[in-house]
There are 2 protein chains.
Amino acid sequence: MRIAREPRHDILFEPVPIGPKTLRNRFYQVPHCTGFGVDKPFSQLAHRAVKAEGGWAAVCTEYCAISPDSDDAPYVSARLWDEDDARALALVADAAHEHGALAGIELWHGGVHAEARESRWPLVAPSQLATGYRPSAVPKALERADIRRIQTDWVAAARRARAVGFDIVYVYGGHSYLPLQFLSPVLNRRGDEYGGSLENRARFWLETIELVREALGGECALAVRLSVESHGDDGVLPLEDGLAFVELADPLVDLWDVTAGGLVWPSRLDTGPSRFFAEGYQLGWTRAVRERTAKPVIGVGRFTSPDAMATAVRTGALDVIGAARPSIADPFLPRKVEEGRYGEIRECIGCNQCYARANYGRHIGCTQNPTAGEEFRRGWHPERIPAATEAAVDALVVGAGPAGLECALTLARRGLQRVHLVDAGGEPGGHFRWLTRLPGLGEWARVVGWRRIQLGRLRNVELLAELPLDAAGVLEYGADVVVCATGARWSPHGLSAVTHTPIPGAGTGLAHVLTPEQVALEGLRPPGERVLVYDGEGYLVAAGIAELLAREGYKVELVTFLEQIAPACDETLEGYPLRRRLHEAGVAMRRATVVREIHPDGAVAETEHGGRVELAASAVVLCTQRLSDDSLYHELAARPEALAARGIRALHRVGDCVSPRTAADAIFDAHRLARELESPHPALPLPHLRERFVVRAP
Amino acid sequence: MRIAREPRHDILFEPVPIGPKTLRNRFYQVPHCTGFGVDKPFSQLAHRAVKAEGGWAAVCTEYCAISPDSDDAPYVSARLWDEDDARALALVADAAHEHGALAGIELWHGGVHAEARESRWPLVAPSQLATGYRPSAVPKALERADIRRIQTDWVAAARRARAVGFDIVYVYGGHSYLPLQFLSPVLNRRGDEYGGSLENRARFWLETIELVREALGGECALAVRLSVESHGDDGVLPLEDGLAFVELADPLVDLWDVTAGGLVWPSRLDTGPSRFFAEGYQLGWTRAVRERTAKPVIGVGRFTSPDAMATAVRTGALDVIGAARPSIADPFLPRKVEEGRYGEIRECIGCNQCYARANYGRHIGCTQNPTAGEEFRRGWHPERIPAATEAAVDALVVGAGPAGLECALTLARRGLQRVHLVDAGGEPGGHFRWLTRLPGLGEWARVVGWRRIQLGRLRNVELLAELPLDAAGVLEYGADVVVCATGARWSPHGLSAVTHTPIPGAGTGLAHVLTPEQVALEGLRPPGERVLVYDGEGYLVAAGIAELLAREGYKVELVTFLEQIAPACDETLEGYPLRRRLHEAGVAMRRATVVREIHPDGAVAETEHGGRVELAASAVVLCTQRLSDDSLYHELAARPEALAARGIRALHRVGDCVSPRTAADAIFDAHRLARELESPHPALPLPHLRERFVVRAP
């Protein structure tokens, strides 16, 4: 089955010298958040270790605070404030080396963009200006002694990093952090030698680079991460200034890690979701830097296609393929390319659940890779899985949505004798059959595509379509283990979090009241021209339906009782561009409004402060709440004797038919059940390891 | 100076039997969040210990999760999942006992209102209904095996609590958590014996209470925290049902901890901010319960007045004075009442910084009590403070706002020979002179009042008003140590986080462009009738000015570039009622809008999606950004020889004149500097102790 690597991808496996070190190939895991920092050192270790094992030439920690006035609590950053921090992070360096990778550490000072809610130090910045990142924070304008102290802290952190074995040490200024706040002509209004001309604005960063370089003593490569152009309220940097800085600093730098944009919209470019940003969307900036430097350039842009990567290198857009999200979705991406196992690459879908979970949930996770973040605490490896203790087991998985696919695949990987995955429809995918047709969500189809391909490689699993099974059908079909993965559907009655009852006037069989499935899967279209899309979820579906219909020519109003349009998308960095795109598509938006009644000409609604409003519409699409399709499970569970009589020893359910949730959590649940099939109570997850301060008796 | 306790307060010091235990008096620290849980066991210990020492009859932990499907990460709750958790919490029980107090633990299952972002277990609830608390979360409807498992977990947690010495064990259901989700006729739609009639809906909670009672074996008191009435989208409970439940459960319960309302607005009543809720605002509900029970009733309501407390007990509204916030602001409140030291009570101002910091910042803090949350990590005690190592020191503090008052007071408490606190104005208070005049902020004046009273008790400190000092004046005045606490002022030019430059048309000396100080302190009023208040901060001031002017009859529009009106108030639980009150006062509100230009007839603004809008107004009040009043500090700092010549050995600054921030952080900063005056670099806070997982060499 295995094919050799395409020669056109050989370029990706050329070593790249960076100062005193050498990258073994062109794959580089750039710094990215995990929620681990130094709080969960073994989760940190294990998460980076699988990537080193998977072939990345270097793995980096997330942003690492150099001093307490750059404390980012309640968000979790790494820290190098003392020797205990250094010991925690040394685990990453050791693990990287064990697998032949380099280890990088992104030393960071956030300036006014830190939080300091733990240390309670005043935030600092070149000048006393609030920014669009967190407008209520007004910094202390740095005194000269502060500048020296921060540079001293940076050097101390660099020394610690060097001492514990890091190979690449960053002087991070990208994304509008302190060095960039100095470089910005808008945020830096100083009258001394650190402000004014470009040379003066660059002085802080250049001095810091020079001091750190000295501290590294030629033993580590010095990297700089730079947003080379930004136009946001968190710190404007014109491209010319960014490029001029590259030229000024170039002799002192071993590696340029190039990004663009800042932390706030509309100038945010980092971690661009696939709905709005295509693969390689930052190449214009890396190319611009590459033309001004003699040093290797790293760039990111959600690269998962070896062709796109090789082309980017070959055409001189960059030297090294940086990856955060693709390395989370597939830690073994480099090795798979190297070995020509292209079909096995688990491509990132650009949903940004990793970002949301790491930053707001304090523990990274991934839709495509259910083992991400679980490497240490559950002992899960992305590529290896323990064989089932009893192989002579047949499993029947009912429902081939994301959870069913994942469950069947994982059971098959564990070596069960026979796994049958059956679905009532003609195509697998469950709700992903239609979700991925909503505007911008095409890349999400990789969730289904990857699993189908892997199923096709295994001999002990079979996918059977167009095979609807009721309880009698399951009993007749037979298996040792039955797993229901029958998903969920949107309430056709408008059941929602604010009413808990059907909306008067809603119901099935009405031409003017539709569900998302009817619109996007069945192809039903609303009568008339004006459509009210009513959202109770605040994530993907209602906004997607609204945009779909608006682009078809309907006059659409998106109404929600939530305080913001699609607020869950703010955690995935999709909120701002989504609302902008909806606006551009002509979708009217109304927040904090509860629909109280539906009639053929529209709806009666209640506004934020209790007013009543009539919303004219020829139809309403209800995206209020999902309900589990759990009848099969309950019918079977109610017949234990019948199950026993047919030799069915265990009945389980996974994914949305347990509780409707994100695809990431549904896939996690399915993967977990398959891994824990032998546990005494597979429905209850086994305990995870917790990294915590443990009090012992003296 | 010390007077005896008033006899009418004696009732507060009667012991109260609760099951097998006895409260030594009627002061009870109810469960409240800290951000510590079992993550920071020594911070937890130290924070509760000072309250036990301060005379509370019982101190409780925060809500404590009994099982992984009630994991509230990323929020910090306590947990009793295993023996390590128990060992961490045992520290609290031991510390309470050491000071003669009882220790309580609030065992909790959140049902659909947990987060489970760490454990990734599905959320559970009686029925599959989303709620207004987090509408995107759709729970698993509990199977009977789940119910048994949760009850077993509850019992296991209770056993652990008993084993490590807790005296009071809760079966917590208030605030719309799992037991209340069962009790609610709206959230519980079950068809089995756990749903339907009141008896059925009460069954889960009653069974759990009974099982826990059995597990406690008569060694601990069993407490139930109950929201006796709620009408929110997170779980309606009619008062009759709540009271009927009290009667059903009464024989099994030793102590009723009574609250009302749920987690969402407008039915949220817990932790009511002083802007909207008066002292004792929950007494109607405690009284209703007290009429139905034979057991002691605890109630809360921000009680700080011994008279109000004694009256509440005497009139039968409750038996025990519960306190969260008042115990944070003054851990020694009971002892001060007991000893008749009424003037020393540091009264809570109801600003809810404690709530915001514990929940969103993961570490509690307090405006009134700068030592709150710092007991362990900085070793600060609320009542005791180390004497200065060198007493023969004179200090001059310039500026008698909150930070200056706190700094002078703390220096004086440390025993410096002489502390002079001078202010240019006639009254101390800094910006609190006018902030406290904004609608609803009257209680905030306690910040100034308490400090003035304490200064008056000390012989080594003097407050001198109407004494403006410039740099020459300071040099002439003389002192060993000079501390500038000169505060900050609102930019009269409209400098803001989104423009970083003056707004064209803004400036000083214009009748139609005002600052908050001009309106609220100087009493200037806008010309004409229509006022645009422009907010760049999102917290107190702009909304307060808008309401003030609207109540005077102006037609006010509150405009902000932020995505919500006063978003910082959402963290302090002031956002929803504030917006409602603004609406009721006739204030029009416009969010996500940037003012680009001001003219005598109004302003030109840019809307969310880039549109241009003319805003008619006869005047604009600019609440865009504060700027430190730091010129005195910088003038003095620039003259080291002059300082030396006058014997001034040290020059410092504290509070808003370093960087404008919350009063809590400014007071903290001032307190810290006074404590750390002898450190080599008092401007740099000494390192705080961190509770973390420490990696050691094997």
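Chain letters run A, B, ... following the sequence lines, proteins first, then strands; residues in each count from 1. The shown structure was predicted, so the numbers you read here are calculated from the model rather than taken from an experiment.
Contacts between B/R672 and chain A at a heavy-atom distance below 4.5 Å are absent for every atom of the residue. Heavy-atom distances place both the backbone and the side chain of B/L129 under 4.5 Å from chain A. In this structure, chain B has a heavy atom under 4.5 Å from the side chain of A/R149, while its backbone stays farther away. Only the backbone of B/P139 comes within less than 4.5 Å of a heavy atom in chain A; its side chain stays farther off. Both the backbone and the side chain of A/L627 come within less than 4.5 Å of a heavy atom in chain B. Contact of B/R661 with chain A is made through the side chain alone, with heavy-atom distances under 4.5 Å. Neither the backbone nor the side chain of B/S491 comes within less than 4.5 Å of any heavy atom in chain A. At a 4.5 Å heavy-atom cutoff, the contact between B/V694 and chain A is made by side-chain atoms alone.
Among the candidates B/E584, B/H681, B/R189, B/K140, the residue making the largest number of heavy-atom pairs closer than 4.5 Å to chain A is B/K140. Counting heavy-atom pairs closer than 4.5 Å to chain B, the top residue among A/S628, A/G365, A/G373 is A/S628. In terms of non-hydrogen atom pairs under 4.5 Å with chain B, the most contact-rich of A/S136, A/A568, A/G361 is A/G361. Note: B/S119 leads B/S119, B/G35, B/A88 in heavy-atom pairs under 4.5 Å with chain A. In terms of heavy-atom pairs under 4.5 angstrom with chain A, the leader among B/S496, B/P41, B/G538 is B/P41. Looking only at heavy-atom pairs under 4.5 Å with chain B, the residue among A/V138, A/V38, A/D39 that has the most is A/V138. The greatest number of non-hydrogen atom pairs below 4.5 Å with chain B, out of A/D669, A/D656, A/D82, A/D69, is found for A/D82. The candidate from B/F42, B/Y133, B/F561, B/Y539 with the greatest count of non-hydrogen atom pairs under 4.5 Å with chain A is B/F42. For the set B/R626, B/R377, B/K40, B/H634, the count of heavy-atom pairs under 4.5 angstrom toward chain A peaks at B/R377. Chain A forms more heavy-atom pairs under 4.5 Å with one residue of B/H363, B/E537, B/Q128 than with any other, namely B/Q128. In terms of heavy-atom pairs under 4.5 angstrom with chain B, the leader among A/P660, A/C657, A/P687 is A/P660.
Relative orientation of the A/H609 and B/H583 rings is parallel, given thresholds of 30° and 60° on the angle between their planes.
Here the shortest heavy-atom pairing between A/P135 and B/L562 reads CG-CD2, 3.5 Å. Between B/Y360 and A/P74, the shortest heavy-atom contact is O-CG, 3.0 Å. Between A/S659 and B/P122 the shortest heavy-atom distance is OG-CB, 4.0 Å.
In this structure, the separation between CD on B/E143 and CG on A/D630 is 8.5 Å, given to the nearest 0.5 Å.
By the 4.5 Å heavy-atom criterion applied to side chains, A/L684 and B/W121 are counted as neighbours.
In this structure, B/R362 does not pair ionically with A/E115, as no charged nitrogen and carboxylate oxygen lie closer than 4.0 Å. In this structure, A/R591 does not pair ionically with B/E608, as no charged nitrogen and carboxylate oxygen lie closer than 4.0 Å. Between A/E118 and B/R357 there is no salt bridge, since no side-chain N of the basic residue sits under 4.0 Å from a carboxylate O of the acidic one.
Proximity of a side-chain donor or acceptor of A/H500 to a complementary backbone N or O of B/D233 within less than 3.5 Å is detected.
Checked against salt bridge (Lys or Arg N to Asp or Glu O under 4.0 Å), A/R120 has the following partners two or more places apart in sequence or in another chain: B/E374, B/D665. The side chain to side chain donor-acceptor pair (under 3.5 Å) check on A/D85 picks up B/R690, B/R692, with sequence neighbours excluded.
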